[in-house]
Every structure is written in C-alpha cells, then in structure tokens.
Number of protein chains: 2
Amino acid sequence: MKLLSKTCMYGIRAVLYLTSLEQEKSYVHIRQISEHLHLSFHFLTKILQNLAAHNIIDSYRGPNGGVSLARPARKIKVIELINAIDGKDSFRGCILALPGCGEGTPCPLHAYWGETRDRIKSAFENTTLAKLEKQITEGGLRLI
Amino acid sequence: MKLLSKTCMYGIRAVLYLTSLEQEKSYVHIRQISEHLHLSFHFLTKILQNLAAHNIIDSYRGPNGGVSLARPARKIKVIELINAIDGKDSFRGCILALPGCGEGTPCPLHAYWGETRDRIKSAFENTTLAKLEKQITEGGLRLI
DNA sequence: TTATTTTCAGATAAAATAGTCTTAAATATG
DNA sequence: CATATTTAAGACTATTTTATCTGAAAATAA
Ligand code: SF4
Ligand code: SF4
C-alpha cells in the first residue's frame with residue numbers, strides 16, 4: 001500500500017522544512033534543504049523544479065538564490081503538492097483496476113474503498129502547510 | 001495512491017472468480033480464469049503459484065488439474081491474499097518514509113494517516129471471500 | 001508406454017519509478 | 001568585464017514492478 005510516491009514524500013518534507021524556517025521571503029538553498037533532510041541534492045532539485053512550475057514555491061538563481069514558498073503557508077494545501085507531483089488522478093485509482101470502471105456497476109470492493117479514499121483525499125484538501133507546521137512545533141514532531 | 005499492487009488486484013479477482021463458481025472441490029484451469037478475467041495466463045499462473053504456496057488455494061497438475069480454494073470461502077480473509085502477495089508489511093508503510101520511523105516521535109502526517117490505515121487494514125481483516133461474493137451476487141457487482 | 005495436458009520454476013524482457021550526472025542559464029560581486 | 005554561485009534542463013543510469021517466454025515436472029488418457 002503506497003499512499004504517496006517517494007518523490008511526493010520528499011517534496012512534502014522539503015516544503016515543510018521551508019515552512020518551518022518561516023523566513024519572510026528570503027530564498028533557501030536547495031543544498032541546505034537536501035543536507036538537512038538527508039536527500040539527494042540533484043533529485044530534490046528536480047522535485048522542487050516541478051513544484052516551482054506549479055507555483056507552489058518560487059525559485060531564484062545565482063548567489064543568494066534558492067527556493068521559498070510562493071504563498072503564505074496557510075494558503076498552501078497539501079493536496080496541491082500531491083496533485084503536482086503524483087498527478088491529478090492520483091486519488092482516482094481504484095482497488096481492482098477493472099477495465100472501463102467507474103461507469104457501470106462497481107466491483108465488490110468499491111464500497112469499502114470509495115468512501116475511505118475520499119476521506120483521505122479530503123484530509124489532504126483541508127490541511128495546509130501552516131496547519132501541519134503548527135503540529136510540528138506543538139507536538140515535537142519531526143521531519144527527519 | 002496505490003492501495004494494492006496490480007499483482008494483488010489480479011490475485012483477488014482470480015480468487016473471487018473461483019469463489020463465484022463455488023464448485024465442491026473440483027479444480028478450475030488457470031487458463032479458464034485468465035481468459036474470463038482477461039489477464040495474462042502466465043502472469044496469473046505465477047500469482048496463483050504464490051497463493052498456493054501460502055495455502056490459500058490448492059493446485060493440481062495434469063488434465064483435470066487446475067486450482068481451487070484451499071478452504072471454504074468464508075474461512076479465507078482478504079487480508080491473507082494481500083499479505084501473501086504484497087507482503088506482511090504492506091500496511092506498515094507510512095506517509096513520509098522517515099528513516100527509522102515508528103520508534104521515536106512521529107512525523108506531522110502520522111496522525112492523519114495511522115488511523116485511516118488501520119481502518120483500511122481491519123476492513124480487509126474482517127472481510128472474507130464469502131462476504132464479498134455475497135455482495136457480488138446480491139448487488140450485481142462485477143469482476144471483469 | 002507414449003502422447004497430451006496442465007501446473008511449476010526460473011530466465012528474460014518491458015515499463016514504471018527512483019536516482020545520478022553533466023552542461024547551460026541566470027545572478028551577484030569584485 | 002570575469003568569476004563564482006546557484007537553479008534549470010535534460011540525458012543517463014539503477015531499481016522495482018509488471019509481464020512474457022521456455023522448458024521441466026506431474027498427472028492423465030490412449
Ligand atoms: S468499482 Fe471502484 S474499486 Fe472497483 S474497480 Fe471500479 S473504481 Fe475500482
Ligand atoms: S510518523 Fe508515521 S507517517 Fe510519519 S514517517 Fe513515521 S510511520 Fe510514517
């Protein structure tokens with residue numbers, strides 16, 4: 001069972017780290033992020049390029065360059081990251097992969113699955129980076 | 001988001017088909033199953049070999065050979081198939097893949113995830129093939 | 001016995017995912 | 001301007017998952 005791809009996990013962790021720094025619009029080097037989270041710098045760079053293309057983070061080249069959140073953390077929903085990295089249809093996936101499903105009668109596992117899946121999805125839709133960050137600081141939760 | 005691997009989906013569908021035939025301990029050709037479900041015969045054979053090794057189905061070679069449920073459908077739980085195919089640790093997977101997790105303090109997504117994951121798992125633990133089969137016949141649900 | 005049918009076992013191939021590396025482009029500073 | 005720094009872009013490699021293929025082993029039937 002894989003809720004998110006590894007790529008997506010890395011993206012979320014990186015952006016949560018950015019959130020935790022909560023500097024006012026100053027760029028953070030990707031190298032700093034990758035070292036802090038123990039991730040491959042090059043791989044993370046690719047992931048963050050994607051998030052930049054989706055206007056979730058801003059990026060800037062050269063010395064003093066780096067990445068930063070494109071908006072305040074309370075305006076970025078976790079589902080946005082998931083959609084950007086794992087694709088919009090990530091939560092459309094079903095349980096038995098029947099050909100041409102969703103139109104006719106459902107498979108016998110649909111009842112169990114559909115509801116649960118929607119609940120998971122809406123949890124991500126209703127969670128902002130700020131919300132998660134609050135939990136991190138209040139609950140002593142960790143990113144690494 | 002992938003709840004089950006494709007391999008696992010195929011295995012479940014195949015075994016549900018066996019259940020639907022509910023013949024008294026007579027073997028069904030894998031070829032018949034694969035054609036009915038539109039799956040690759042060779043691939044399905046490998047999946048069913050695995051299920052046979054895990055004592056979920058019985059198999060028999062030669063003409064009149066094939067596979068059949070190892071026990072009555074009401075005594076086979078869906079989680080058994082998942083454990084056999086996707087592995088015992090399938091529902092241990094987490095959301096941020098932190099190194100050495102589960103021991104110390106959790107990551108900020110753990111709260112959302114853990115509960116949901118356990119609910120999904122216990123749904124599979126409390127569902128037998130017979131239960132699903134009942135839904136199929138009563139609800140006009142489909143396997144192909 | 002001999003031929004046929006079927007699963008078993010393992011090698012191989014293709015596709016998807018994950019990760020690495022190299023070079024180019026933009027920016028800052030002296 | 002020249003140079004150092006940093007992200008951008010894309011080719012390349014590695015690993016995992018999914019799928020195919022081949023021949024052996026077991027059971028049956030003629
Ligand atoms: S009925 Fe639902 S769970 Fe089943 S195959 Fe279709 S979409 Fe997937
Ligand atoms: S705290 Fe839970 S969800 Fe987060 S990384 Fe650990 S096991 Fe996974």
Side-chain angles (χ1 to χ4, degrees), chain A residues 1-15 18 26-35 37-70 82 84-87 89-90 93 96-97 99, chain B residues 1-14 18 26-35 37-70 82 85-87 89-90 93 96-97 99:
Chain A
M1 164 173 225
K2 227 160 72 174
L3 195 64
L4 306 175
S5 68
K6 277 192 170 192
T7 311
C8 194
M9 296 175 183
Y10 297 162
I12 292 175
R13 285 170 67 195
V15 170
L18 274 183
S26 91
Y27 292 102
V28 178
H29 297 159
I30 296 175
R31 183 126 250 151
Q32 176 186 338
I33 304 175
S34 72
E35 281 174 0
L37 300 181
H38 306 109
L39 299 178
S40 146
F41 164 74
H42 284 103
F43 194 27
L44 184 58
T45 293
K46 241 168 73 161
I47 297 169
L48 294 183
Q49 273 171 33
N50 180 16
L51 292 182
H54 282 84
N55 293 308
I56 291 167
I57 61 176
D58 285 337
S59 65
Y60 201 76
R61 293 197 243 200
N64 314 340
V67 293
S68 72
L69 298 183
I82 298 173
I85 297 172
D86 282 349
D89 293 342
S90 175
L96 289 189
Chain B
M1 162 173 228
K2 227 162 70 175
L3 194 64
L4 306 175
S5 68
K6 276 192 169 190
T7 311
C8 194
M9 295 175 185
Y10 297 163
I12 292 176
R13 284 170 67 193
L18 274 183
S26 91
Y27 291 102
V28 178
H29 296 158
I30 296 175
R31 183 127 249 150
Q32 175 186 338
I33 305 175
S34 72
E35 281 174 1
L37 300 181
H38 306 110
L39 298 178
S40 146
F41 164 72
H42 284 104
F43 195 28
L44 184 58
T45 292
K46 245 171 71 162
I47 297 169
L48 293 182
Q49 272 171 33
N50 181 17
L51 292 182
H54 282 84
N55 294 308
I56 292 166
I57 61 176
D58 285 337
S59 64
Y60 201 76
R61 294 197 244 200
N64 314 340
V67 293
S68 72
L69 298 183
I82 297 173
I85 298 173
D86 282 348
D89 293 342
S90 176
L96 288 189

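What you see is a predicted model, and the numbers here were worked out from it, not measured in a lab. Residue numbers start from 1 in every chain, and the chains themselves are labelled A, B, ... in the order their sequence lines are given, proteins ahead of strands.
Taking CG of A:L48 as the reference point, atom OH of A:Y10 lies at 13.0 Å (rounded to 0.5 Å). Rounding to the nearest 0.5 Å gives a distance of 7.0 Å between CG of B:L44 and CG of B:L37.
Nearest heavy atoms, A:S5 versus A:I85: OG-CG2, 4.3 Å.
OP1 or OP2 of D:dT20 lies within a sub-4.0 Å distance of a side-chain N or O belonging to B:S40. B:N50 has no side-chain polar atom (N or O) that falls below the 4.0 Å cut-off from OP1 or OP2 of C:dC8. Residue A:T7 places at least one side-chain N or O closer than 4.0 Å to OP1 or OP2 of C:dA18. Contact check, A:Y60 against C:dA28: a side-chain N or O comes under 4.0 Å of OP1 or OP2. Distances shorter than 4.0 Å separate none of the side-chain N or O atoms of A:H42 from OP1 or OP2 on C:dT20.
Side-chain atoms of A:N50 come within 3.5 Å of backbone N or O of A:A84 as a donor-acceptor pair.
Per the geometry, CZ belonging to A:R61 stands 9 Å off C1' belonging to D:dT6, to the nearest Å. The distance between atom CD1 of A:I47 and atom P of D:dG10, rounded to the nearest whole Å, is 17 Å. Atom-to-atom, CD of B:Q49 to C1' of D:dT20 comes out at 14 Å; the value is rounded to the nearest Å.
Residue order along DNA chain C, read from the 5' end via each residue's closest nucleotide, puts B:A52 first among B:A52 and A:D86. If you find the closest nucleotide of DNA chain D to A:K2 and to A:L48, the one lying nearer the 5' end belongs to A:L48. Between A:S59 and A:K46, the residue anchored closer to the 5' end of DNA chain D is A:S59, taking for each the nucleotide with the nearest heavy atom.
Note on B:I30: only backbone sugar-phosphate atoms sit closer than 4.0 angstrom, heavy atoms only; bases stay farther off.
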